[in-house]
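All remarks here apply to the structure that follows.
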Amino acid sequence: MRLVHTIADLRAALANAGDTAFVPTMGNLHAGHTALVALAKRTGLPVVASLFVNPLQFGAGEDYERYPRTLDADCEKLAAAGCDIAFAPGVAEMYPAPQTFTVQVPATLANDLCGAFRPGHFDGVATVVLKLFNLVRPRAAIFGKKDFQQLFVIRELVGQFNLPVDILAGETLREPDGLAMSSRNGYLSPVERMQAPQLYRALVTVQDAIRAGERDYETLAATTRRHLSMAGWRVDYIAVRDADTLGAAGPDSARVAVLGAAWLGTTRLIDNLDFGLGEAV
Ligand code: PAF
């Protein structure tokens, strides 16, 4: 695997690579990320991964400074997963001047769900992803379904700007107790780590109720918020949405997504489940 830190070296590495499949990451890789690399490899294309903690997508008081930077371990994992090129730029390489041109995600999406609690977050994500796509020019790019709203934003970005890249979605990988793999799980204390799968179990309870025929999504979400709050979580949101539009789920929804974000102490966890309403259990 070739590790490059500059745009010039990235371009040199890509010069003879042909079409590529791209896995953008912020590093601190876990098995969920290497599964995305495995998905990228299934395209048969050379795989490029980026490792960049993007300041634009972090708000004031969020975890930008403490987000773990683990380049050496990340490179070992990427190489073992069969990645061909790793691009790990510094902030000055990606943003040599203030990024005054940015992607503005429409308010209906930018201020919804996670966006309601992280103002500017999706603008920052869309801006860096557009920049990375312009640098790597991949044929395919792989994003995890764990960040369901992000995946939706990227698909809209690609569609509305006619970007010539196929977006592939990787399934969420879970720990044996159900907790979705996330770089932020490392922030949890041992006690919080034991409690953390409650979020996943709460989403499963909602999923089970919907599969059993419950269609009062608001009440289901409100009940789940209350249960998590009583268990000590600070809940940002629990919501049942149409999985294809991310709008309100209704009688016409073929697929729904149950999404949640909640805090344990100083750690914000997100998770989601998406499923077809006609699907067998
Ligand atoms: O999902 C992430 O790790 C980040 O949001 C991404 C897509 C790499 C953009 O910084």
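We count residues from 1, following the sequence as given. In each ligand, atom 1 is the first atom listed, and ligand 1 is the first ligand listed.
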Open item on the list: Looking only at side-chain N and O atoms, does Y64 offer a donor or acceptor that is under 3.5 Å from a partner on N54?
Closed with: no
Open item on the list: Check the orientation of Y95 and F52. Use parallel for under 30°, tilted for 30 to 60°, and perpendicular for over 60°.
Closed with: tilted
- [ ] Could you list which atoms of ligand 1 come closer than 4.0 Å to a heavy atom of P24?
- [x] 8 (C)
TODO: Could you check atom 5 (O) of ligand 1 against the protein and tell me its nearest heavy-atom contact, residue, atom and distance included?
DONE: Q150 OE1, 2.7 Å
Task: Proximal atoms of ligand 1 relative to V128 (non-hydrogen, under 4.0 Å) - done: 9 (C), 10 (O)
Task: Protein contact to atom 9 (C) of ligand 1 [nearest heavy atom, distance to 0.1 Å] - done: Q57 OE1, 3.3 Å
Task: Contacting atoms of ligand 1, where contact means under 4.0 angstrom from a heavy atom of T25 - done: 8 (C)
Task: Residue and atom name of the nearest protein heavy atom (relative to atom 3 (O) of ligand 1), distance in Å to one decimal - done: M26 CG, 3.5 Å
Open item on the list: According to a hydrophobic-cluster definition based on side-chain heavy atoms being under 4.5 Å apart (Ile, Leu, Val, Met, Phe, Trp, Tyr only), do I85 and V37 belong together?
Closed with: no
TODO: For the pair R241 and D112, find out whether any cationic side-chain nitrogen is under 4.0 Å from an anionic carboxylate oxygen.
DONE: yes
Open item on the list: Taking CZ in R193 as the centre, count heavy atoms belonging to other residues, nucleotides or ligands within less than 6.0 Å. Is the count above 12?
Closed with: yes
